[in-house]
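First comes the structure, then the notes that go with it.
Naming: A, B, ... by sequence-line order, numbering from 1 per chain. Quick caveat: nothing in here was measured; it's all calculated off a predicted structure.
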Protein chains: 2
Amino acid sequence: MQGLIDLMAETSTQNPERIAEVLADHGVRPTSQRETVYSSLLQKRDHPTADEVFARVREKAPTISLATVYNCLDVLVQHNLVKAVNFERAPTQYCANLAPHAHFHDEEGRTLDIDMPAGMFEQLRGLLPQNFDVKDIEVNFHGRAPKS
Amino acid sequence: MQGLIDLMAETSTQNPERIAEVLADHGVRPTSQRETVYSSLLQKRDHPTADEVFARVREKAPTISLATVYNCLDVLVQHNLVKAVNFERAPTQYCANLAPHAHFHDEEGRTLDIDMPAGMFEQLRGLLPQNFDVKDIEVNFHGRAPKS
DNA sequence: GTTGCGAATTAGAATTATTCTAATTGGGTG
DNA sequence: CACCCAATTAGAATAATTCTAATTCGCAAC
């Protein structure tokens, strides 16, 4: 069921009226700013920073403030609709890809999603004693990706 | 050979006169500040932040500046004597453990080293196409560790 | 329909880790 | 001993993020 909802979330890019629904289903009160921010993340899947999201949503919502963008992103992350990705000391990037995956950070600044087979996370989990409560596993590659 | 040097680096906590040697072997000009900073990291393996290192080394070197601590840490990281560990937006932590390993970030702020079998990094590497040039793989667990 | 309420939004100030700048010091070499 | 370059220093600057306090919004009760 949750899987279905997530799938909807990821495929509802072209269904603006569904976005409010998805937010509500995840316990997020759907305000117009939250819808705009979430919709922007769904439409361009390139791991934007808060500033970049701010620039993008301004076109649709010219009065939105940067603080609100931060607030909306935090709420979305808190409710597992969006993932926050941190790399070194660079600004946090945001990602609407809900499937478990790793990130590759190119030396030129690009960030790519890397699919992870489900078993890999379990193997990693297996490195820890059973009495550890693991909430999240993060895998980051760093290097140089082929030019195209 | 490199492995032997690393082992020396890790076991020379009690051999202050060896620290300069280890730095030099890694291409780092051994200044007294660098020796103090590196020695501090070797002695207390608890992933301190730059500020914490600053506080610790002040006892031995009361005139050292925070900028120098940052400089020394950067040099040590650049020359692979120390690893910089970033987690979420928290201040960078530093780690003199040279063996490949992952990190567990406790919700109370503790950071633990987690041993990784060599094969695990290779498996992770295998998720990427061959034409990716991988410089580093970072694995971070987040959750709650047993109280003691 | 108006009023009231709590949550959300806003603008701008504040915070904080880190980096930068410019001046000083220091250690090794000629 | 003098020189030179790298390292160090103090403090200012930067930049991402968070905080604050005031305003606005949307809905529910009346």
Whole-Å distance separating the CG atom of A/Asp51 from the P atom of D/dT18: 13 Å
Looking at B/Thr36 and B/Ser32, would you say the former's side chain and the latter's main chain have a donor-acceptor pair under 3.5 Å? yes
Expressed in angstrom and rounded to an integer, what is the separation of B/Arg58 atom CZ from D/dT8 atom C1'? 14 Å
No-hydrogen, no-angle side-chain donor-acceptor test under 3.5 Å, A/Arg89 and B/Asn86: yes
Please report the distance, rounded to the nearest Å, between CG in A/Leu23 and P in C/dA7. 18 Å
Short side-chain donor-acceptor distance under 3.5 Å, A/Thr68 and A/Ser65: yes
Under 4.0 angstrom between A/Thr49 side-chain N/O and D/dA16 OP1 or OP2: no
What is the distance, to the nearest angstrom, from the OH atom on B/Tyr70 to the P atom on C/dT21? 17 Å
Determine, using the 4.5 Å side-chain heavy-atom cutoff (strictly less than), whether A/Val53 and A/Phe87 are members of one ILVMFWY cluster. no
Between B/Arg34 (side chain) and B/Arg29 (backbone), is there a donor-acceptor pair under 3.5 Å? yes
A/Gln93 CD - D/dT17 C1' separation (whole Å): 15 Å
To the nearest Å, how far apart are A/His79 NE2 and C/dA8 C1'? 14 Å
At a cut-off of 3.5 Å, list every protein nitrogen or oxygen paired with a nitrogen or oxygen from nucleotides 23-30 of chain C, distance to 0.1 Å.
none

For residues A/Glu52 and A/Gln93, is any side-chain donor paired with an opposing acceptor at under 3.5 Å? no
Nearest-Å distance, CG (A/Leu73) to P (D/dT18)? 11 Å
Once base and sugar-phosphate atoms are separated, protein heavy atoms under 4.0 Å mark nucleotides 9-16 of chain C, 5' to 3', with B, S and - as SBBB----
Donor-acceptor pair, side chain of A/His26 and main chain of A/Ala24, under 3.5 angstrom: no
Using whole Å, report how far CZ of B/Arg89 lies from C1' of C/dA17. 10 Å
State whether a side-chain donor-acceptor pair under 3.5 Å links A/His47 with A/Asp113. yes
With sequence neighbours excluded, what pairs up with A/Ile114 under the side chain to side chain contact (heavy atoms under 4.5 Å, CB included) test? A/Ala102, A/Phe104, A/Phe141, B/Leu127, B/Leu128
